[in-house]
Amino acid sequence: MSSDVLAIAPMIQWTDRHWRFFFRGISRHTLLYSEMISANAIVYNAAQLDNFLGHAVVEEPLAVQLGGNDPEKLAEAAYLAQQYRPPSSHGFQEINLNAGCPSNKAKKQGYGAELMLEPDLVGRILHAMVRRATSSEISLKCRIGVNPGPHSFDDLCHLMRTVEASGVRKVVVHARLCELHGLSPAQNRTVPPLHPELVHRLVSLFPSMRFTLNGGVQSLEEAAQHVQHGAGGEEDAAAPFRPAVAGVMIGRAAYQRPFDMSAADTTFFGASRDPLLSREEALWRYLDYADHWMACGEAPSAAAEDRHVHCASSGAAAEEADGAACCEDYAEAAGAGAAEKSAVYGRRCSTVLKPLHNFFHDAAGNAAYKQTLDLHTNRFSKQVDRGTLAFSEFVMPVVQETIADDFLRRRGR
């Protein structure tokens with residue numbers, strides 16, 4: 001199957017580099033997206049792209065999503081994103097234009113879903129991006145329509161013809177209308193009815209293009225109903241949706257229930273095995289990362305990551321001993337300047353902590369874990385920000401108090 005048959009949707013304030021690192025302990029191959037990044041932010045900060053495009057190699061395959069409405073600036077931002085490569089990185093697999101975001105800021109500034117009011121402008125933007133970023137795949141993410149505005153299937157087809165003429169061949173379609181008035185951004189993700197059948201109709205009408213379905217898909221099993229089945233890509237005659245789309249994008253279900261995605265690599269990418277770390281191993285993998293990030297403002301090396309996973313699989317005593325040593329090292333490395341540097345690198349306990357909020361979503365102790373975690377955050381987060389308390393030393397007592405040992409040894413779902 002293609003490398004983008006399964007993807008996790010870009011979500012502002014959620015799919016940041018910390019969450020993407022965490023998710024790579026669940027799936028190595030699922031295509032991940034950045035949060036939407038303003039084209040202006042990239043163009044006007046070309047000398048500080050690490051602050052906007054920075055990522056660890058382990059997060060790849062990775063796409064970046066851009067927001068804006070100026071063809072020239074979006075083309076330049078796409079070029080800068082194409083050229084940006086951390087050490088040993090393959091770069092961004094895809095550069096995506098957001099034409100579906102319903103946020104108030106996007107509406108006020110005329111981008112996101114507002115772009116669907118002007119399909120010809122969308123075409124000009126994409127054409128400019130394709131011409132400027134010649135070695136990257138450019139894609140579009142949109143809704144099936146906007147109301148008030150173009151919202152019939154004929155209108156959607158007109159937009160697709162415009163996109164096709166621009167040279168773009170991949171479109172991610174959120175199978176809902178976007179109500180431009182009367183609904184909040186959160187309501188726009190749930191209230192307008194889903195129409196996945198419209199996305200499947202596009203497959204037949206535009207055979208030169210690849211369509212990824214987004215919206216309402218809650219599980220891997222549901223995603224499999226929409227894409228091609230079998231290692232050879234043949235279609236299942238019993239599949240409820242035909243013709244098959246090229247890919248499926250899962251949104252908040254992956255963030256709220258991340259370990260439900262544990263079989264992604266074998267199910268969708270033909271991998272011989274899934275990572276299937278135990279919760280304890282996955283937790284220490286992330287704690288090692290978080291300690292290093294809070295101290296140094298970067299992800300740990302692959303060797304450090306492997307060392308922590310190995311220690312986690314060797315028993316609780318080894319985990320505790322090696323983890324404590326790492327915590328001391330990172331706390332010492334942070335030094336007195338950690339708080340000063342955190343403004344540059346975004347080193348805040350509250351930000352690094354976010355991927356752990358749903359870490360035990362399927363554990364019996366989840367409610368107690370979240371409640372205790374909130375209490376500890378209020379009490380200790382400033383110490384973690386200052387570098388006087390290691391991130392793992394702040395988190396582990398919460399886990400030990402609320403989560404059963406047998407659950408920590410559990411693998412996968």
Side-chain angles (χ1 to χ4, degrees), residues 1-11 14-34 55-63 65 90 92-94 96 139 141 170 172 174 196 199 210-236 239-241 244-279 281-283 285-286 289 305 309 355-356 358-363 410-413:
M1 292 194 177
S2 66
S3 59
D4 56 357
V5 66
L6 183 69
I8 304 301
M11 293 176 277
W14 298 113
T15 53
D16 60 16
R17 62 184 303 167
H18 307 310
W19 188 85
R20 298 191 305 256
F21 181 93
F22 153 69
F23 191 78
R24 283 294 175 229
I26 296 172
S27 170
R28 301 282 195 256
H29 301 290
T30 300
L31 178 62
L32 303 182
Y33 282 72
S34 72
H55 62 275
V57 176
V58 70
E59 297 168 44
E60 299 174 2
L62 180 62
Q65 185 183 70
H90 293 24
F92 293 109
Q93 177 171 310
E94 175 187 321
N96 179 263
S139 66
K141 188 173 189 291
K170 177 181 176 180
V172 181
H174 187 148
V199 185
R210 300 182 353 262
F211 293 96
T212 292
L213 173 72
N214 174 227
V217 179
Q218 297 294 315
S219 66
L220 297 181
E221 293 76 14
E222 188 176 347
Q225 296 178 354
H226 295 277
V227 299
Q228 293 179 335
H229 295 261
E234 67 275 9
E235 289 191 21
D236 182 351
F241 295 101
V245 292
V248 172
M249 176 179 281
I250 297 177
R252 279 161 176 74
Y255 194 91
Q256 294 164 353
R257 305 185 304 277
F259 286 94
D260 284 0
M261 306 292 122
S262 294
D265 290 354
T266 54
T267 302
F268 289 93
F269 299 97
S272 59
R273 62 183 295 273
D274 295 296
L276 288 180
L277 300 177
S278 71
R279 292 303 169 90
E281 292 166 351
L283 178 62
R285 176 183 180 273
Y286 188 74
Y289 164 87
E305 178 185 342
V309 170
L356 295 183
N358 295 316
F359 193 90
F360 296 107
H361 60 91
D362 50 350
R410 178 176 171 179
R411 295 183 181 275
R413 296 175 63 178

Note to self: By the definition side chain to side chain donor-acceptor pair (under 3.5 Å), identify the one residue from Gln93, Lys170, His29 that meets it with Asp4.
What the structure shows: Lys170
Can you tell if the side chain of [X] reaches within under 4.5 Å of the side chain of [Y], non-hydrogen atoms only?
{"X": "Arg279", "Y": "Asp362", "answer": "yes"}
{"X": "Phe269", "Y": "Thr30", "answer": "yes"}
{"X": "Leu31", "Y": "Leu6", "answer": "no"}
{"X": "Pro61", "Y": "His90", "answer": "no"}
{"X": "Lys141", "Y": "Tyr33", "answer": "no"}
{"X": "Ser219", "Y": "Asp260", "answer": "no"}
{"X": "Phe359", "Y": "Phe259", "answer": "yes"}
{"X": "Ser27", "Y": "Phe268", "answer": "no"}

From [X] [atom1] over to [Y] [atom2], what is the distance, rounded to the nearest 0.5 angstrom?
{"X": "His361", "Y": "Tyr255", "atom1": "NE2", "atom2": "OH", "result": "12.0 Å"}
{"X": "Trp19", "Y": "Leu356", "atom1": "CH2", "atom2": "CG", "result": "13.0 Å"}
{"X": "Thr15", "Y": "Arg17", "atom1": "OG1", "atom2": "CZ", "result": "13.0 Å"}

Item checked: Criterion side-chain contact (heavy atoms from CB on, under 4.5 Å) against Val199, the qualifying member of Val248, Val172, Asn214, Leu213 -> Leu213
Could you tell me whether the side chain of [X] and the main chain of [Y] form a donor-acceptor pair under 3.5 Å?
{"X": "Arg410", "Y": "Ala363", "value": "no"}
{"X": "His55", "Y": "Glu60", "value": "no"}
{"X": "Glu281", "Y": "Leu277", "value": "no"}
{"X": "Thr266", "Y": "Arg273", "value": "no"}
{"X": "Arg20", "Y": "Ala56", "value": "no"}

Next item on the list: Could you tell me which residues satisfy side chain to side chain donor-acceptor pair (under 3.5 Å) with Thr212, sequence neighbours excluded, listed by chain and number?
Entry: none
Check: Looking just at side-chain N and O atoms, do His18 and Tyr289 make a donor-acceptor pair shorter than 3.5 Å?
Finding: yes
Margin query: Can you tell whether the side chains of Asp274 and Arg411 come within less than 4.0 Å, N to carboxylate O?
Written below: no
Next item on the list: Decide yes or no on side-chain contact (heavy atoms from CB on, under 4.5 Å) for Arg24 and Leu32, but give the supporting numbers first.
Entry: CA-CA 9 Å; Arg24 283 294 175 229; Leu32 303 182; 3.4 Å; yes
